[in-house]
Amino acid sequence: LLLAALVLVAVIALVAGFGSVAAGAAGGSAASPALPGPRVGQSAPEFGLGMIGGGSWTLGSLRSDDRPLLLVFGNPTCGGCLSLFPHLARWQSTLADRLRFVVVGIGEEEAVSAISRDYGVPELLVDPDGSVWRAYGSHGNPAAYAIGADGAIAGGPALGQDAIED
């Protein structure tokens with residue numbers, strides 16, 4: 001079980017630089033570039049975000065069951081994200097025993113809630129201004145980051161659907 005999760009993390013780390021990205025994918029502009037994010041082995045940035053359907057989650061609460069965590073950032077207006085969203089609910093279900101798989105929608109709650117409604121993504125957090133996405137140092141969407149049970153970045157960013165699927 002742990003070996004399977006580590007293999008997934010290794011794959012994400014290997015493909016981190018491969019995949020297409022869309023400029024301005026978080027709805028930002030050149031005035032709001034991504035910040036330098038944490039490197040593999042460094043602590044993942046802590047955050048607190050609301051969840052579609054109610055409640056709020058922190059990085060710590062998402063990691064509470066000691067499974068590795070995969071955060072997938074996506075924007076409801078991003079073409080690459082739109083092609084990825086149909087797969088997200090299935091992955092959340094099929095990987096649940098090995099990995100905590102959480103989708104972070106970037107944008108206004110109304111637009112982000114369409115991801116849950118249209119694609120059935122059950123665990124969907126809202127990053128209304130993209131600040132969490134930028135804290136991770138991302139520069140494109142969709143983007144995924146693997147976080148180990150110890151809270152350290154284990155891989156990423158994996159940018160684009162192909163890199164995330166691998």
Side-chain angles (χ1 to χ4, degrees), residues 12 16 19-38 43-65 67-96 99-149 151-161 163-165:
I12 290 171
S20 59
V21 298
S29 67
S32 60
L35 302 172
S43 293
E46 182 59 58
F47 61 83
L49 294 172
M51 180 175 274
I52 296 296
S56 62
W57 292 84
T58 65
L59 177 63
S61 63
L62 290 169
R63 292 183 31 252
S64 65
D65 64 3
R67 286 180 292 172
L69 172 65
L70 185 67
L71 288 179
V72 178
F73 291 89
N75 184 318
T77 62
C78 157
C81 300
L82 292 175
S83 66
L84 178 65
F85 291 149
H87 304 287
L88 297 178
R90 178 176 47 86
W91 293 345
Q92 281 181 325
S93 173
T94 60
L95 297 174
L99 183 68
R100 180 83 185 257
F101 188 99
V102 177
V103 179
V104 180
I106 304 165
E108 296 300 320
E109 185 170 350
E110 184 176 318
V112 171
S113 68
I115 300 168
S116 181
R117 182 186 65 242
D118 298 346
Y119 302 103
V121 176
E123 285 195 309
L124 179 60
L125 303 178
V126 181
D127 185 6
D129 60 2
S131 60
V132 174
W133 174 78
R134 284 190 302 278
Y136 277 78
S138 192
H139 58 277
N141 270 313
Y145 295 82
I147 301 169
I153 297 290
L159 299 170
Q161 180 176 340
I164 294 169
E165 279 189 284

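Numbers for residues simply follow the sequence, beginning at 1. Basis for what follows: all heavy atoms, side chains included, without hydrogens, waters or symmetry-related copies.
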Undergrad: Report yes if some heavy atom in the side chain of Leu84 is under 4.5 Å from a heavy atom in the side chain of Trp91; otherwise report no.
TA: yes
Undergrad: Go through the steps for Ile52 and Ile115 under the test side chain to side chain contact (heavy atoms under 4.5 Å, CB included), then give the verdict.
TA: CA-CA 10 Å; Ile52 296 296; Ile115 300 168; over 6 Å; no
Undergrad: Could you check whether any side-chain heavy atom of Leu82 comes within less than 4.5 Å of a side-chain heavy atom of Tyr119, counting everything from C-beta outward?
TA: yes
Undergrad: Just to verify, what does Arg67 make a salt bridge (charged side-chain N to carboxylate O under 4.0 Å, His left out) with, not counting sequence neighbours?
TA: Asp65
Undergrad: Check whether any side-chain N or O of Glu123 sits under 3.5 Å from a backbone N or O of Gln92 as a donor-acceptor pair, and report yes or no.
TA: no
Undergrad: Between Leu124 and Ser113, is the side chain to side chain contact (heavy atoms under 4.5 Å, CB included) condition met? List the steps.
TA: CA-CA 8 Å; Leu124 179 60; Ser113 68; 5.9 Å; no
Undergrad: Run the side chain to side chain contact (heavy atoms under 4.5 Å, CB included) test on Leu59 and Leu69 for me, step by step, so that the C-alpha distance in whole Å, both residues' side-chain angles and the decisive distance to 0.1 Å come before the verdict.
TA: CA-CA 9 Å; Leu59 177 63; Leu69 172 65; 3.5 Å; yes
Undergrad: Could you list the residues that satisfy ring pair (Phe, Tyr, Trp, His ring centres under 6.0 Å) with Phe47, not counting sequence neighbours?
TA: none
Undergrad: Nearest 0.5 angstrom please: Leu125 CG to Thr58 OG1, how far?
TA: 10.0 Å
Undergrad: Check this for me: Glu108, atom CD, are more than 12 non-hydrogen atoms of other residues, nucleotides or ligands nearer than 6.0 Å?
TA: no
Undergrad: For Ala114, which residues count as a side-chain contact (heavy atoms from CB on, under 4.5 Å) partner, sequence neighbours excluded?
TA: Arg117, Asp118
Undergrad: Apply side chain to side chain contact (heavy atoms under 4.5 Å, CB included) to residues Ile147 and Arg100 and explain how you reach the verdict.
TA: CA-CA 10 Å; Ile147 301 169; Arg100 180 83 185 257; over 6 Å; no
Undergrad: Taking side-chain contact (heavy atoms from CB on, under 4.5 Å) as the criterion, tell me which of Asn75, Val126, Leu71 meets it with Val104.
TA: Leu71
Undergrad: Heavy-atom distance under 4.5 Å between the side chains of Val72 and Val102, does that happen here?
TA: no
Undergrad: Is there a donor-acceptor pair closer than 3.5 Å between any side-chain N or O of Tyr145 and the backbone N or O of Ser138?
TA: yes
Undergrad: Is any side-chain heavy atom of Pro128 closer than 4.5 Å to one of Val112?
TA: no
